[in-house]
Amino acid sequence: MAMMHPMSFHFGVDAKILFEGWHITGAGEMVASCVAVILVAALYELVKTLKEVFLRRFLRRRGGALVNYSARDVESGSLVSEKSPLFGNWSRNSNLGWSAHLFQTLIYFIQVTLGYSLMMVFMTLNVWLCLSLLFGLTLGYLLFAKIRVSSDSEVCH
């Protein structure tokens, strides 16, 4: 009979993470897995930062600018028009070339893959793995979010 997946948070050291081959059976393996989860979570934040920084640098080189839309613009429908950069002719209204768009798409693929993988780790409901994931995301934000914020101020100059 197959082992059932726990339906509540637990502190055990017996867990399968993402793949059949990544089966934790002891405390040492749990510690190593927690370190790996911390690193992958921090990597996720780095990828988010790189995606934004590369986009901003490319647009700055092309003479474009990023426009920040407010929630009010989206809710009012003012962005939905034939001249809207959101719904208009992509090749005419965008400062982002195809090569840069493909590069951004690749980074987005990596970001989404990491994000869903981290979600699956959290879904093990193992407290040690969940705390490691949260710590890794927080550490990544601490280390890399400043780069995103400082790149915002560079665009405004």
Spacing of [X] atom [atom1] and [Y] atom [atom2] [to the nearest 0.5 Å]:
| X | Y | atom1 | atom2 | result |
| --- | --- | --- | --- | --- |
| Thr49 | Ile147 | OG1 | CD1 | 6.0 Å |
| His101 | Leu55 | NE2 | CG | 11.0 Å |
| Phe58 | Ser99 | CZ | OG | 5.5 Å |
| Trp128 | Leu133 | CH2 | CG | 15.5 Å |
| Leu106 | Gln104 | CG | CD | 9.5 Å |
| Phe19 | Met120 | CZ | CE | 10.5 Å |

| task | Start with the C-alpha gap between Arg56 and Glu52, add the side-chain angles, then the distance that decides, and say whether salt bridge (Lys or Arg N to Asp or Glu O under 4.0 Å) holds. | result | CA-CA 6 Å; Arg56 290 183 184 284; Glu52 189 172 321; 3.4 Å; yes
What closest approach, in Å, do [X] and [Y] show between heavy atoms, and which atom pair accounts for it?
| X | Y | result |
| --- | --- | --- |
| Thr124 | Val121 | OG1-O, 2.7 Å |
| Ile107 | Phe54 | CD1-CD1, 3.5 Å |
| Thr113 | Ser117 | O-OG, 2.8 Å |

Path from Met123 to Tyr116 over hydrophobic side-chain contacts below 4.5 Å
yes
Exercise. If you group Ile, Leu, Val, Met, Phe, Trp and Tyr by side-chain heavy-atom gaps below 4.5 Å, do Leu137 and Phe9 land in one group?
Worked result: yes
Min side-chain heavy-atom separation His10-Val127 under 4.5 Å: no
- Query: Mind checking whether Val112 and Tyr108 have side chains closer than 4.5 Å, heavy atoms only?
  - Reply: yes
### Query
Ignoring hydrogens and geometry, is there a side-chain-to-backbone donor-acceptor pair from Glu45 to Leu139 under 3.5 Å?
no
Review point. Can any side-chain N or O of Asn126 pair as donor or acceptor with the backbone N or O of Ala15 at less than 3.5 Å?
Key: no
message = Set out, in order, the CA-CA distance, both residues' side-chain angles and the distance that settles side-chain contact (heavy atoms from CB on, under 4.5 Å) for Asp14 and His23, then state yes or no.
response = CA-CA 7 Å; Asp14 186 24; His23 188 128; 2.8 Å; yes
For residues 28-44, run the donor-acceptor check on the side chains, cut-off 3.5 Å, and write out each pair with its distance to 0.1 Å, sequence neighbours left out.
unit_1, atom_1, unit_2, atom_2, d
Glu29, OE1, Thr25, N, 2.6
Glu29, OE1, Thr25, OG1, 2.9
Ser33, OG, Trp22, NE1, 2.9
Ser33, OG, Glu29, O, 2.9

